[in-house]
Amino acid sequence: MLFAESFADDQTPASDRLVLPYEVRRKSRQRVTLLSGEELGYVLPSGTVLKQGDRLLTGNGLVVEVEAAPEVLLEVRTGDSLLLGRAAYHLGNRHVPVQLGKRFLRFQPDHVLAEMLVGLGCPVSEIEAPFDPEGGAYGAHTHAHARTHGYRPLPGADVTEAHHPGHGPHRAPAKIHEFK
């Protein structure tokens, strides 16, 4: 069995592929089967979500490319950018993983969400396609999308006064940061 615990660079050719649906790519430690039939185990930092095109590096130097498996999804497809924006807003407001495309949104099947979007005037259809949703802006990033930021508390900031309206009762964050 092969074992991977880090990501490979984009330069080394992949020797095998790992095709998984989204729910399985969300697990940061598991044993899986590669397309070649060989088993691979991996342990990645908690919260890591494997994305389409990510590349894992095994202990013996082999590179395994990650591919999003086709799965049943719901899709809103329209050229109306306002309607698409409204759909994205309402799905995001419900913390639903959403894949954004030039004229479409895709999300995992949920009849309540589908009915809500149809009620907003959005065309919703069932499709089969790979699902590779956006990563969260505040959550863990995959290695390919991570950037190192220098954070430091704002001078004189009173962290007990910070509050995001509409996010429930007041809770002070651990720190308030600014980008360098």
Side-chain angles (χ1 to χ4, degrees), residues 1-78 84 87-88 90-114 117 122-151 174 177 179:
M1 178 170 91
L2 297 170
F3 185 76
E5 60 182 21
S6 66
F7 290 94
D9 61 41
D10 293 339
Q11 312 309 314
T12 310
S15 6
D16 211 336
R17 290 187 4 229
L18 176 60
V19 181
L20 299 172
Y22 176 68
E23 288 303 320
V24 178
R25 288 184 284 121
R26 291 179 54 176
K27 296 178 183 174
S28 56
R29 49 185 340 159
Q30 64 183 318
R31 177 184 280 184
V32 293
T33 303
L34 303 173
L35 281 185
S36 66
E38 189 152 11
E39 285 193 333
L40 171 76
Y42 63 82
V43 177
L44 301 171
S46 181
T48 300
V49 177
L50 293 174
K51 304 280 288 171
Q52 172 79 26
D54 278 348
R55 299 155 59 81
L56 298 172
L57 181 62
T58 67
N60 61 355
L62 296 175
V63 174
V64 176
E65 186 162 357
V66 176
E67 187 176 316
E71 51 190 291
V72 175
L73 302 169
L74 294 180
E75 180 180 78
V76 173
R77 182 173 289 276
T78 178
L84 204 58
H90 285 284
L91 290 170
N93 197 35
R94 286 152 182 82
H95 304 282
V96 174
V98 176
Q99 181 176 346
L100 305 173
K102 195 166 191 154
R103 291 187 176 90
F104 70 84
L105 301 173
R106 292 180 181 155
F107 57 100
Q108 295 171 310
D110 182 310
H111 73 279
V112 172
L113 294 174
L117 293 171
C122 298
V124 178
S125 59
E126 187 175 283
I127 65 161
E128 186 170 323
F131 186 50
D132 199 26
E134 289 292 307
Y138 301 107
H141 295 285
T142 63
H143 77 100
H145 306 289
R147 295 180 187 219
T148 304
H149 295 287
Y151 295 111
H177 301 287
F179 295 160

Under the side-chain contact (heavy atoms from CB on, under 4.5 Å) criterion, do L117 and F107 qualify, and how do the steps go?
CA-CA 12 Å; L117 293 171; F107 57 100; 3.5 Å; yes
When you look at V43 and F3, which way does the side-chain contact (heavy atoms from CB on, under 4.5 Å) test go after all the steps?
CA-CA 8 Å; V43 177; F3 185 76; 3.7 Å; yes
Between Y42 and V32, does the side-chain contact (heavy atoms from CB on, under 4.5 Å) criterion hold? Intermediate values first, please.
CA-CA 8 Å; Y42 63 82; V32 293; 4.2 Å; yes
The test is side-chain contact (heavy atoms from CB on, under 4.5 Å); show your working for L40 and T33 and say whether it passes.
CA-CA 6 Å; L40 171 76; T33 303; over 6 Å; no
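One distance of note links CG of L57 with CZ of F7; it measures 10.5 Å at 0.5 Å rounding. Note that the OG atom of S46 and the NZ atom of K27 stand 14.0 Å from one another [nearest 0.5 Å]. We find the SG-CG distance between C122 and L113 to be 11.5 Å, quoted to the nearest 0.5 Å. One finds the CG atom of L73 at 9.0 Å from the CD atom of E126 (value rounded to the nearest 0.5 Å).
Sorted by first then second residue, the salt bridge (charged side-chain N to carboxylate O under 4.0 Å, His left out) pairs that include residues 102-111, not counting sequence neighbours, are E75-R106. The stretch residues 29-38 participates, sequence neighbours left out, in these salt bridge (charged side-chain N to carboxylate O under 4.0 Å, His left out) pairs: R31-E39.
The heavy-atom pair separating Q99 from P130 by the smallest distance is OE1-O, 3.3 Å. Minimum interatomic distance between V63 and P13 (heavy atoms only, all atoms of both residues): CB-O, 3.8 Å. Of all the heavy atoms in K51 and G135, the pair that sits closest is NZ-N, 4.2 Å. Nearest heavy atom pair, residue P109 against residue V72, reads CD-O, 3.4 Å. When all heavy atoms of P123 and R77 are compared, the pair lying nearest together is CG-O, 3.3 Å. Smallest separation of non-hydrogen atoms from V76 and A87: CG1-CB, 4.5 Å.
A heavy-atom distance below 4.5 Å is not found between the side chains of D16 and L62. Contact annotation: the side chain of L2 approaches that of L34 to within less than 4.5 Å [non-hydrogen atoms, C-beta and beyond]. A heavy-atom distance below 4.5 Å is found between the side chains of L44 and L56.
Within 6.0 Å of atom CD in Q30, more than 12 heavy atoms from other residues, nucleotides or ligands are found, so the atom counts as buried in its surroundings.
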Please set out all donor-acceptor pairs under 3.5 angstrom arising from side-chain atoms of residues 17-25, sequence neighbours excluded.
from, atom 1, to, atom 2, distance (Å)
R17, NE, E67, OE1, 2.8
R17, NH2, E67, OE1, 2.9
E23, OE2, Q108, NE2, 3.1
R25, NE, L20, O, 3.0
R25, NH1, L50, O, 2.9
R25, NH1, D132, OD1, 3.4
R25, NH2, F131, O, 2.3

